[in-house]
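Nothing here was measured: the structure is a model prediction, and the numbers come from that model. Letters A, B, ... are given to chains in the order of the sequence lines, protein chains preceding strands, and every chain is numbered from 1.
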Amino acid sequence: MTESVHSEAQAPAKTDVFGFLARFAPLIFLIVLMTGFAIGEPRFLTPLNLFNILRQVSIYGLLAVGMTFVILTAGIDLSIGSLVAFAGLVAAAVSKGGVSNRFTVGAGQEAASYGWYLAALAAIGVGLAGGFLQGFAITRLKVPPFVVTLGGMSAFRGGALLFAAGGPISGFEPNFVWMGQGRVLGEVPVPVVIFVAFAVLAHVVLRYTRYGRQIYAVGGNPEAARLSGLNVRAVITSVYVIMGFFAGLGAFVLAARLNSAEAVAGTGYELTVIASVVIGGTSLFGGVGTIFGTVIGTILIGVLLNGLVLMNVSAYVQQIIIGIIIVLAVAFDTFAKSRRRVG
Amino acid sequence: MTESVHSEAQAPAKTDVFGFLARFAPLIFLIVLMTGFAIGEPRFLTPLNLFNILRQVSIYGLLAVGMTFVILTAGIDLSIGSLVAFAGLVAAAVSKGGVSNRFTVGAGQEAASYGWYLAALAAIGVGLAGGFLQGFAITRLKVPPFVVTLGGMSAFRGGALLFAAGGPISGFEPNFVWMGQGRVLGEVPVPVVIFVAFAVLAHVVLRYTRYGRQIYAVGGNPEAARLSGLNVRAVITSVYVIMGFFAGLGAFVLAARLNSAEAVAGTGYELTVIASVVIGGTSLFGGVGTIFGTVIGTILIGVLLNGLVLMNVSAYVQQIIIGIIIVLAVAFDTFAKSRRRVG
Amino acid sequence: MKPLLRMSLISKRFPGVQALDDASLEVLPGEIHALLGENGAGKSTLIKILSGAQQPDSGTIEFGGQSVTFVSPHDAQRRGIVTIYQEFTLTPNMTIAENVFIGREPGLGVFVDWRKMASETRAITKRLGLELQPMSIVRGLSVAEQQMVEIARALSMKSRLIVMDEPTSALSSAEVEKLFRIIRELKAHGLSIIFVTHRLEEVMQICDRYTVLRDGRLVGSGAIANTTIDGIIRLMVGRQVNALFAHREKTPAGDVVLAVEGLNRRGNAQDQNASVLADVGFEVHRGEILGVAGLVGAGRTEMARVVFGADPFDSGRVFVDGRQVRIRSPQDAIRHGIGLVPEDRKQQALFLALAVRVNLSMASHQRIMRWGVFMDETAERAMVEEFRKRLNIRMASPEQLIASLSGGNQQKVTLARWLALRPKVLIVDEPTRGIDIVAKVEVHNLLFEMARSGIAVVAISSELPEVLAISDRIIAMREGRISGEIKGENATEEVLLSMMTLSAKAA
Amino acid sequence: EKHLTVLFALPDLAFPFFVHMADQAKDEANKIGDIDLIVADGQRSSPKETADVEAGITKGVSGIMISPNDVDALAAGIQEAVDAKIPVVTIDRRVNKVPGILGHVGADNVKGGEAQGQLIEKLFPDGATVMNLQGQSGASPAIDRNKGLHNVLDQAKDKYKFIFEDTAGFDRSKGLAMTESALAGMPKPPDVIVAANDDMALGALEALKARNLLGKVKLIGFDALPEALGQIKAGNMTATIEQLPGGQVRGALQVLVAFLREGKKPDQQVTLLTPIAITSENLDKAERLNEVK
Ligand SMILES: Nc1ncnc2c1ncn2[C@@H]1O[C@H](COP(=O)(O)OP(=O)(O)OP(=O)(O)O)[C@@H](O)[C@H]1O
Ligand SMILES: Nc1ncnc2c1ncn2[C@@H]1O[C@H](COP(=O)(O)OP(=O)(O)OP(=O)(O)O)[C@@H](O)[C@H]1O
Ligand SMILES: [Mg+2]
Ligand SMILES: [Mg+2]
């Protein structure tokens with residue numbers, strides 16, 4: 001696309017202002033935004049509200065962590081919203097004790113109900129399968145990720161609608177629901193714990209493992225990676241599988257949180273999630289980005305949505321502001337990075 | 001993204017099967033699809049139905065023509081659906097005689113009503129302005145097109161909603177409506193005429209003008225284009241302006257066709273339109289593609305939607321089939337091209 | 001002696017070209033083997049097949065006495081065949097250390113040990129005599145430095161055979177010397193090396209045996225000791241070629257066309273405060289060829305880019321025909337009659353997916369337009385035809401994709417792009433990089449013809465014999481400064497080398 | 001008995017409300033007998049639904065039932081059908097502009113919104129603080145339902161205060177997130193939360209549950225989905241609005257078949273069913289109570 005300049009956050013930490021800016025641009029932007037909201041509405045900074053924000057972003061966050069892997073290879077996944085819907089329905093059906101009695105209403109205390117972990121496994125299984133299928137189409141049919149996952153977006157949504165036959169599935173057993181609505185250590189919502197745990201895991205994988213380096217290498221220059229002996233196809237397929245894993249996990253947490261799963265769930269998530277990842281400094285051209293950035297990007301969007309609602313900004317104006325802020329956040333990051341190094 | 005191989009359709013016409021296939025892959029795919037539908041439902045091939053399909057795709061088609069310019073520079077525009085809604089509302093308000101009486105009910109014979117051409121100009125003006133703003137952000141703020149137009153998507157939709165706070169605007173003067181519902185030469189719908197005329201114009205621009213050359217050059221290798229003395233920024237900005245023009249024109253035709261404009265119009269168009277362009281053989285990586293391919297791609301999607309409804313395929317299964325066919329169409333094109341030339 | 005490698009009757013067809021046609025290659029243990037041939041002869045294709053990057057249509061490979069098939073580069077590497085490809089295979093946004101150890105990172109289990117990776121990288125770069133930080137990002141390195149990183153990577157691998165596809169094309173003589181020293185060391189350890197180059201002096205200097213390909217076929221092989229440069233050229237082109245470097249009668253230089261004064265530019269990848277260009281100034285006259293010599297990273301490319309408006313600068317003045325001009329973009333430069341043939345053909349000059357015709361006319365659309373908007377394709381074809389004849393460009397048709405031309409012919413098209421514009425000044429950066437000996441002579445002749453027609457030519461080259469052969473006057477650069485100037489007829493390699501390596505004051 | 005092919009064009013089959021309509025239509029068609037029912041999904045887009053109608057015309061269907069995505073935007077498509085001499089019955093939303101429509105059976109969304117408002121008036125005769133979760137911005141049911149609610153409550157602006165109003169896009173998770181955010185920002189919870197569909201209300205329900213406000217804050221939905229009915233039965237939700245979609249569809253199909261088989265025009269061209277608020281007291285009035293298990 002255009003000649004924007006991006007670069008790895010792993011450059012040696014020097015004491016130059018622009019280097020610092022470049023490294024922490026999204027964080028700085030987030031802090032400025034939060035300060036603004038805190039001044040406009042003091043309730044914004046209450047622990048209750050901050051935990052609300054974190055809980056609200058945790059599902060987007062899980063998806064964004066998976067999407068970071070995909071975008072690092074210069075790929076994209078537009079299908080996740082649909083996949084979340086599909087996987088959530090399957091988890092819900094499992095929790096209700098199978099496909100046949102999925103529409104029974106009630107708290108799911110039926111004898112046939114399966115445990116939450118089986119529901120979670122089912123959701124993740126669906127996610128993995130969906131991701132693998134797409135990764136396969138991308139690497140074997142050589143169709144660009146944008147197109148494959150656009151197709152997947154339509155196909156998985158159709159599958160979800162078919163599965164749900166129009167009705168939401170709701171009312172799960174309490175343990176399942178706890179995964180979405182419970183709290184640990186007094187205040188901390190369970191989805192936040194799940195999000196943080198997997199974000200840390202993903203960070204370690206990307207930063208400290210061979211596999212992580214391979215992802216950066218494939219994203220940075222796929223032909224070079226191939227000639228260096230990396231199995232580029234396997235790496236590319238794997239990131240869609242990972243994305244599928246996170247879609248399944250996210251679907252499970254979402255269903256638990258809503259105590260319900262429906263075929264229209266997740267509509268439009270793909271764009272919000274991609275925006276989070278990019279705001280966090282990951283380059284759409286691949287090879288550059290961190291999980292830390294993605295977490296910041298996700299929180300930034302959550303703060304924006306929450307803050308604007310709290311400040312009672314009209315819904316329409318909210319959309320305008322969000323659009324502008326997304327662009328400004330990335331512009332700020334790009335600017336900081338371009339100043340760090342002469343291109 | 002991945003190492004798929006694409007190439008210019010301007011290569012010399014040789015008499016090799018794969019060269020032919022590569023050049024006409026989308027067309028061949030379309031013909032196969034149409035044959036299938038014609039066998040399944042003989043009414044598919046009636047002139048009435050074929051004109052219906054053409055009319056249905058003409059608005060997507062106009063947008064896809066604009067999108068071809070954008071994608072040729074390796075850009076993307078996600079904002080067009082929102083921009084169509086906004087521009088359509090403005091055209092509608094103008095036709096109703098201004099913002100203040102935009103919600104008056106009736107066929108628009110009020111004294112203050114302005115002519116259809118003013119409405120068209122207004123819609124196009126909005127489109128141009130929106131496109132220019134985004135092109136500016138892309139080239140000057142150096143934010144990737146995906147992000148800028150994602151922001152635009154949100155912001156323009158917010159603007160449209162704000163403008164249409166009271167609901168859809170409808171009931172235009174007959175001349176306006178004729179642009180969307182009328183027919184010429186007996187049978188040919190006016191939107192089809194508009195679509196074909198602008199597609200031909202765009203073809204000429206891309207194929208025979210210096211500006212068209214510059215677009216292919218900038219898309220093929222922006223750095224080389226810059227070092228050859230091309231004004232890369234101007235070219236990139238211009239394609240978003242052109243996209244804006246087509247969004248405005250499309251919005252006008254859509255409003256005329258429905259005799260109504262609403263803030264939720266155009267939702268999801270961006271993905272359908274991008275799919276059309278890519279199915280038509282234009283590479284998302286820039287530099288490769290033709291208007292001819294885009295027209296075929298657009299018709300292919302229209303045929304698919306129409307044929308599946310005609311064959312009485314369940315709505316949910318339709319979505320699954322559409323998803324799969326999009327992937328297969330592009331896979332076929334990629335395959336044909338890869339056989340012609342190995343990268 | 002039993003050969004280490006025997007490739008027999010290898011064929012490979014690409015649509016439209018038979019790249020290899022029953023080609024064969026034998027490499028003995030512990031030898032340095034030159035693989036030679038014109039552009040497009042099939043050298044790189046043979047190498048890619050050997051390294052598993054491409055699959056042959058037919059033919060067999062024996063390595064170490066065993067018959068082998070490599071379906072991926074990984075297979076070949078496992079057997080100890082390490083390849084430095086002609087096209088760079090670095091990942092720009094990663095560190096040098098990561099690039100060196102890509103896919104083989106040291107560490108425990110699945111984890112990478114960054115510290116160890118950095119120290120091992122440092123050890124190898126030291127051995128190559130490089131002053132590079134293992135943790136700096138590759139994208140900021142110059143072409144030559146990147147080439148050295150590629151070499152470092154190859155050295156870090158366990159290998160029995162190292163294949164080097166044109167490793168020296170981006171290097172200047174000092175780096176070439178360092179590389180040769182290492183190659184000799186490797187040979188002493190019993191490794192075999194396949195060495196591809198278009199600089200035949202290098203072949204004479206270091207290789208033991210040679211194999212020559214022409215049009216994908218094996219046309220000869222033997223010991224270097226039993227042949228001469230002329231003999232090799234004869235094999236390569238299939239006929240007698242007389243002059244290695246063309247000579248020309250010197251014409252008196254005209255007025256000053258381009259003058260540059262006090263050009264400064266700061267900051268590079270490693271150090272914000274380092275000067276890329278410091279107080280650079282020079283003049284070029286009408287009809288003159290000004291050679292620019294320098295070591296890798298001396299700032300020659302940067303100087304050219306700044307003068308052409310491709311990169312910004314901090315201070316300095318540029319004069320064209322005696323009048324000061326503001327150049328802030330390539331468009332400005334072109335308007336003032338300055339052209340640049342960049343150093344990296346693929347990245348900076350070619351539109352690979354477009355036809356030769358379109359590539360050639362890219363900078364001179366004004367000349368072939370009708371009614372201010374339309375391209376006059378008839379005039380355009382005539383223009384292509386004119387240059388095809390004048391520059392002896394070998395192509396099937398103007399509509400052929402430029403990607404399918406040989407390197408030399410691609411370079412001629414790039415030169416033609418600028419000639420079509422009739423510039424006053426043409427800066428050519430490494431104009432013969434990677435092109436074969438015959439094409440090189442043709443390019444030199446072309447530069448002479450340009451000078452004769454009154455163009456002021458600034459020729460940057462890392463190959464000292466080339467600089468000496470073509471220049472009327474030579475300036476040397478070192479660490480972003482002009483470190484010396486000398487008349488062409490007075491210059492020798494030794495003098496130039498000392499100007500390139502001593503500091504400006506001392507010179 | 002004549003064999004009939006009937007097109008049923010719906011605005012969005014991703015929403016349970018319309019899926020229920022489709023199911024009811026299939027059931028009624030089976031009951032009447034010898035009818036092929038083609039169900040088309042407009043996917044929330046007026047041009048797409050127009051294309052569905054056009055495809056029906058091409059196919060030569062005997063009659064069309066349609067629930068228009070937007071009454072103005074679908075007028076052109078319906079006009080084409082009327083011009084092709086295909087009888088059209090509209091459902092749910094009435095298209096005034098096209099003469100020659102055989103009949104209309106519907107329950108007005110504005111009326112439904114008004115029913116929500118009237119219920120609030122009844123529950124809080126002395127006034128109340130209201131939190132309003134609106135439907136998808138710009139979508140006509142969202143606009144109409146909101147309009148109805150305001151029609152009623154704005155008459156006593158000093159008594160009924162909208163302390164929070166925002167769109168949650170007809171979406172359950174947005175309903176939940178929005179309610180959480182809003183509650184966090186309020187010194188005191190509202191008296192009543194009113195939502196433009198049951199999905200958002202059910203999302204709000206989870207938020208109320210988390211803050212132990214279930215039953216303390218009145219919660220009013222719209223659409224009378226089985227799940228909402230179940231929650232009303234359980235006392236967690238206050239009310240929902242029943243538009244009798246099944247009744248509409250069955251009535252419309254009967255009108256169409258009567259005309260096609262017996263040439264009988266309906267007695268009245270427009271049949272309006274009045275939307276009713278379903279609370280725990282009149283649960284038996286809900287169409288889908290039998291689906292609550
Ligand atoms: N991927 C490819 N697709 C099509 N043709 C190719 C491809 N790779 C090489 N060729 C063609 O095969 C022939 C041999 O090319 P190759 O790169 O092996 O030559 P070479 O001897 O390495 O030349 P040079 O000295 O310029 O590097 C050329 O005609 C080239 O254009
Ligand atoms: N794009 C870039 N970004 C940052 N630094 C650069 C860039 N290009 C070159 N440099 C640095 O600028 C200095 C001068 O490099 P330049 O390429 O001008 O030298 P050169 O004499 O042409 O050598 P070479 O033979 O390597 O091209 C080097 O130290 C190099 O690392
Ligand atoms: Mg080669
Ligand atoms: Mg250089």
If one checks every heavy atom of B:Arg257 against chain D at 4.5 Å, the contacting part turns out to be both
Separation between CG (D:Asp199) and CZ (D:Arg172), nearest 0.5 Å, reads 4.5 Å
Any luck finding a side-chain donor-acceptor pair between D:Asp83 and D:Gln79 under 3.5 Å? yes
Quiz item: Does D:Leu74 offer a backbone N or O that forms a donor-acceptor pair with the side chain of D:Ser46 under 3.5 Å?
Solution: no
Checked D:Asn69, D:Asn146, D:Asp70 vs chain B; the most non-hydrogen pairs under 4.5 Å come from D:Asp70
Most heavy-atom pairs under 4.5 Å with chain D, out of B:Arg157, B:Arg43, B:Arg55, belong to B:Arg43
Applying a strict 4.5 Å limit to non-hydrogen atoms, the region of B:Thr267 in contact with chain D is neither
Applying a strict 4.5 Å limit to non-hydrogen atoms, the region of B:Leu254 in contact with chain D is side chain
If you tally heavy-atom pairs under 4.5 Å between each of B:Val309, B:Leu310, B:Ile59, B:Asn259 and chain D, the highest tally belongs to B:Leu310
Using the six-membered ring wherever Trp is involved, compare the ring planes of D:Phe170 and D:Phe15 and label them parallel, tilted or perpendicular (cut-offs 30° and 60°).
-> perpendicular
Applying a strict 4.5 Å limit to non-hydrogen atoms, the region of B:Tyr269 in contact with chain D is side chain
Report task. May I ask you to decide if D:Gly221's main-chain N or O and D:Gln116's side chain share a donor-acceptor pair within less than 3.5 Å? Result -> yes
Applying a strict 4.5 Å limit to non-hydrogen atoms, the region of D:Ser140 in contact with chain B is neither
When the 4.5 angstrom heavy-atom criterion is applied to D:Ala51 and chain B, the contacting part is both
Pair count under 4.5 Å, heavy atoms only, with chain B: among D:Asp41, D:Val39, D:Asp144, D:Thr58, highest is D:Thr58
OG (B:Ser82) and CZ (B:Phe156) are apart, to the nearest 0.5 Å, by 8.0 Å
_Stepwise side-chain contact (heavy atoms from CB on, under 4.5 Å) test for D:Met200 and D:Met178_ = CA-CA 9 Å; D:Met200 294 188 292; D:Met178 193 69 75; over 6 Å; no
